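Before any comments, here is the structure.
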Amino acid sequence: MESRFRGNDGYFWEAAPGDALTETAALRSPRCLNRAELPLGTVELARYLIGKTLVREHPDGITSGRIVETEAYPPGDAAGHAFRGPTPRNRVLFLERGYAYVYMAYGISFLCNVSSEEAGVGGGVLLRALEPLEGIPLMETRRHSTRLLDLGRGPGRMAAAMAIDRGCDGIDLCARGPLWLGDEPRPRRAIGRSVRIGISREVEAPLRFYERHSPFVSGPTRLRA
DNA sequence: AGTGCGATTGACT
DNA sequence: GTCAATCGCACTA
């Protein structure tokens with residue numbers, strides 16, 4: 001059994017007992033997730049999406065990455081965009097789970113969420129960081145950087161690397177198309193949990209999930225272990 | 001119609 | 001570590 005797996009940047013992943021990590025497994029084509037297999041509930045979905053694949057099919061080419069960091073914005077959360085009810089901007093958060101809600105933050109970055117509740121109930125999972133898999137040269141062009149660790153580390157950077165913008169708002173991520181969710185390219189590592197990043201309102205519950213020890217996760221070092 | 005501010009990033013001390 | 005950039009949106013009037 002392999003004891004180490006070499007990632008895209010040469011970083012070596014420690015294999016847990018029982019893992020069978022191979023490069024072949026990492027490079028196979030992902031299977032599109034069915035809506036029925038997405039767990040019910042925002043927090044459950046945020047945890048579930050760690051290790052899954054996000055695939056972007058764009059005229060310029062295909063890019064994909066492994067989701068290594070998410071945050072839950074469940075119903076009733078004052079920091080969530082759904083808190084004050086549906087508006088033209090956040091309408092996708094009120095669709096059934098598995099649709100892309102994309103908005104512009106700070107006039108600078110696009111942020112990508114996955115709707116996470118039943119139809120009519122507002123909730124979302126913010127995708128915060130991606131480990132690049134396919135289309136790395138294209139991501140480098142879009143990000144104006146060749147630093148692999150920075151291509152998808154942070155929600156705005158992730159969206160830029162994947163060319164995710166308002167045009168992706170409302171896309172069904174459970175169907176092959178311009179943007180979709182795939183299964184895991186390789187077994188997940190342990191999942192960590194922490195408070196969310198960049199939230200100034202109210203006291204924080206631990207609603208951020210991340211793949212432990214991944215160098216592609218954003219945030220302070222202590223929130224990556 | 002005007003205003004305040006944010007689920008960020010990149011540059012800089 | 002600090003800080004400015006930048007703009008769509010929700011809220012007030």
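By convention in this document, chain letters (A, B, ...) are assigned in the order of the sequence lines, proteins followed by strands, and residues within each chain are numbered from 1. For clarity, every value in this text was computed on a predicted model and none was experimentally measured.
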Which part of the nucleic acid, if any, lies within contact of A:R143, taking any heavy atom under 4.0 Å across all strands shown: a base, the sugar-phosphate backbone alone, or nothing? sugar-phosphate
To the nearest angstrom, the OH-C1' distance between A:Y103 and B:dG6 comes to 8 Å
Quiz item: With ring centroids as reference points, do A:Y101 and A:Y103 lie under 6.0 angstrom apart?
Solution: yes
Review point. Do the charged groups of A:E134 and A:R56 touch, with an N to O distance under 4.0 Å?
Key: no
Looking only at heavy atoms, the pair that brings A:P185 and A:T53 closest together is CD-OG1, 3.3 Å
| said: If only side-chain N and O atoms count, and only distance matters, is there a donor-acceptor pair under 3.5 Å linking A:S214 with A:E131? | reply: no
Point to revise | Salt-bridge contact A:E37-A:R31 (side-chain N to carboxylate O under 4.0 Å) | key: yes
Under a 4.0 Å heavy-atom cutoff, the residues of residues 150-159 of chain A touching DNA chain C are none
Q | Check ion pair A:R35-A:E96 (N to O, under 4.0 angstrom) | A | yes
Pair A:R208 + A:E69, salt bridge at N-O below 4.0 Å: yes
Separation of B:dT9 atom P from A:H144 atom NE2, nearest Å, is 15 Å
*asked:* Looking at A:E211 and A:R66, is there a salt bridge between them, counting it only when a charged N and a carboxylate O are closer than 4.0 Å?
replied: yes
A:Y73 atom OH is separated from B:dG6 atom C1', nearest whole Å, by 11 Å
Under the rule of Watson-Crick or G-U wobble with both distances under 3.5 Å, where | means paired to another strand and [ ] a crossing pair, DNA chain C maps to |||||.||||||.
Protein-proximity profile, nucleotides 6-13 of chain C, B/S/- by nucleotide at the 4.0 Å heavy-atom cutoff, equals BB-SSS--
Query raised in the report: Checking A:N34 side chain against A:A36 main chain: does a donor-acceptor pair fall under 3.5 Å?
Result: no
A:Y210 six-ring centre to A:R212 NZ/CZ under 6.0 Å and within 45° of normal:
no
Separation of B:dT9 atom C1' from A:F110 atom CZ, nearest Å, is 14 Å
Could you check whether A:E71 pairs with A:R196 (Lys NZ or Arg NE/NH1/NH2 to Asp/Glu carboxylate O, under 4.0 Å)?
no
